[in-house]
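Heads up: the structure comes next, in structure tokens.
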There are 2 protein chains.
Amino acid sequence: MRHMTASPRVRMSPDSRREQLLDLGVRLLATRSIDEISIELLAEEAGISRGLLYHYFGNKQDFHRAVVRRAADELIEVTAPSSDTDPLVQLMLSLGAYVEYVTDNFEGYVSLVRAAASGDEGMREIYEEARAALTDRLFEVAGREQLAALGVTDSAATRLMVRGWSALTEEVVISWVRSPAGVSRDDLLQRLAHGLVALVRDPA
Amino acid sequence: MRHMTASPRVRMSPDSRREQLLDLGVRLLATRSIDEISIELLAEEAGISRGLLYHYFGNKQDFHRAVVRRAADELIEVTAPSSDTDPLVQLMLSLGAYVEYVTDNFEGYVSLVRAAASGDEGMREIYEEARAALTDRLFEVAGREQLAALGVTDSAATRLMVRGWSALTEEVVISWVRSPAGVSRDDLLQRLAHGLVALVRDPA
DNA sequence: CAGCGTATTGAACAACCGTCAATAGTGCTG
DNA sequence: CAGCACTATTGACGGTTGTTCAATACGCTG
């Protein structure tokens, strides 16, 4: 039963206030889509006036972008690459961490993906960066030689398919978490990992 | 130079009025995202009052859904399956038609995909149906035996990967149309088609 | 051409975004 | 410890857009 006491006025340091608002934004993202987070709602939930938000973020769009960026950063951090030498093992581990994140953080993750697909250009840019960060590191650890050994060469077509695989993975994992339908976690990871290799391998 | 004459009041039959509004909605979708189509804008563009829209559609959400449903139906119709017997040829032809549609109708298509990813549940439902219609027919024409010959059996895992392949195809085609980066149309189609087969084939 | 059904309007209300001058915490200074 | 300055914070205001509803007028019918 909070909110009963309309505390008079709390003056915080700009940093902690900003932090508080961003955290709250990410937390709210688990319950509603990004554009259901109105300034109105956020201000009330944070116990501040609407006007204050504009002291920290230029406008609603800016705030939304900042929230999404933070959520994306969390995702990237949590699914950080391990230090295994075998690129396929590496891939499986990363995928596993990713699946775990989506599982534990389902609603929030869905909101993140949705936000990325919104009309806003800057929003999509943020998400593109995050996606790139997630996939690029998979290829960085595997040297050019190791990739060649798998029948993979770097090319525009390859990059295109990797991008596609990202979209596939998102869709499949979200769908799987919603209803696994008897598909085991290991099977899922196997198919995704092998899928990437198959999609990216040079045509015979 | 329309809009100069604020024609006094035109009384149309409910059917043609509804049609006009939906068509206009789809047309506007080529220029802006779905939620940039405000009632305000639409009413002005259609030369009617804002209030009238509520005579035909319950609210903005309903109208947006109707517009997206219509756009999705157009896509399905345009990429209708041919009558070739070889499922792989069939797939290539369908994919070709799809790529052509996206090319000719780029902005509108992007808006459609974005709308589908919006927060609205009903919106996504509409899009899910459309996606299912697009992929299901690929598998219907190929009989169970033909699929078996390709090493494919129907299962939850298969359906999951098909769904993922849809997302992949969307992403890849949109990305390719934006910047082909030297990848030929044939190469694109080849990779998508082979990709589907590889993703869906039973694990060795 | 009068009358009727209903397509259509426009005013009114609500919710929300964004701005800005005024207010009041907080730390510093003498 | 009192006063001061800095600035975080507020609240009221104007503008846009979604939604409702009683009043209006178009076009058909007898």
Please determine whether a side-chain nitrogen of the Lys or Arg among Arg27(A) and Asp23(A) lies less than 4.0 Å from a carboxylate oxygen of the Asp or Glu. no
Do NZ/NE/NH1/NH2 and the carboxylate oxygens of Arg163(A) and Glu128(A) come within less than 4.0 Å? yes
Could you tell me the separation between the NE2 atom of His64(A) and the P atom of dC16(C), rounded to a whole number of Å? 12 Å
Between atom CD in Glu44(B) and atom C1' in dG10(C), what is the gap in whole Å? 15 Å
Residue mapping more 5' on DNA chain C - nearest nucleotide basis, Ile48(B) or Asn59(A): Ile48(B)
Under 4.0 Å between a Lys/Arg side-chain N and an Asp/Glu carboxylate O for Glu170(A) and Arg131(A)? yes
Looking at side-chain heavy atoms only, is the closest gap between Ile34(A) and Leu112(A) below 4.5 Å? no
Which pairs, protein N/O on one side and nucleotides 12-16 of chain D N/O on the other, fall under 3.5 Å?
none

Per atom distances to the Leu52(A) side chain, the nearest of dT9(D), dT8(C), dG18(D) is dT9(D)
Under a 4.0 Å N-O cut-off, is there an ion pair linking Glu19(B) with Arg70(B)? yes
For a quick check under 3.5 Å, do Asn105(B) and Tyr101(B) share a side-chain donor-acceptor pair by atom type? yes
Could you state the atom-to-atom distance from CE of Met12(B) to P of dT6(C) in whole Å? 18 Å
Does the side chain of Thr31(B) pick up a donor-acceptor pair with the side chain of Glu107(B) at under 3.5 Å? no
Taking only N and O in the side chain of Tyr54(A), is any of them less than 4.0 Å away from OP1 or OP2 of dT19(C)? no
Nucleotide dT19(D), atom C1' - distance to CG of Leu42(B) in whole Å: 15 Å
Please tabulate the protein-to-nucleotide N/O contacts below 3.5 Å involving nucleotides 23-27 of chain D, giving atom names and distances.
residue: dT24(D); atom: O2; partner: Arg9(B); partner atom: NH1; Å: 3.1
residue: dA25(D); atom: O4'; partner: Arg9(B); partner atom: NH1; Å: 3.1
residue: dC26(D); atom: O2; partner: Arg11(B); partner atom: NE; Å: 3.4
residue: dC26(D); atom: O2; partner: Arg11(B); partner atom: NH1; Å: 2.5

Quick one about Thr103(A) and Arg185(A) (side-chain donor to acceptor, distance below 3.5 Å, no hydrogens or angles considered), yes or no? no
Starting at CG of Asp35(A) and ending at C1' of dT17(D), how long is that distance when rounded to a whole Å? 15 Å
For the side chain of Tyr56(B), starting at C-beta, report the closest nucleotide among dT8(C), dG11(D), dA8(D). dT8(C)
For Phe57(B) and dG18(D), give me the distance from atom CZ to atom C1', rounded to whole Å. 16 Å
Starting from the 5' end of DNA chain D, give me the residue, Ile37(B) or Ser49(A), whose nearest nucleotide shows up first. Ser49(A)
OP1 or OP2 of dT8(C) under 4.0 Å from side-chain N/O of His55(B): no
Starting at CD1 of Ile39(A) and ending at P of dT17(D), how long is that distance when rounded to a whole Å? 17 Å
In this structure, how many angstroms lie between the P atom of dT17(D) and the CG atom of Leu53(B), rounded? 15 Å
Decide, yes or no, whether a salt bridge links Lys60(A) with Asp35(A) under the criterion of side-chain N to carboxylate O below 4.0 Å. no
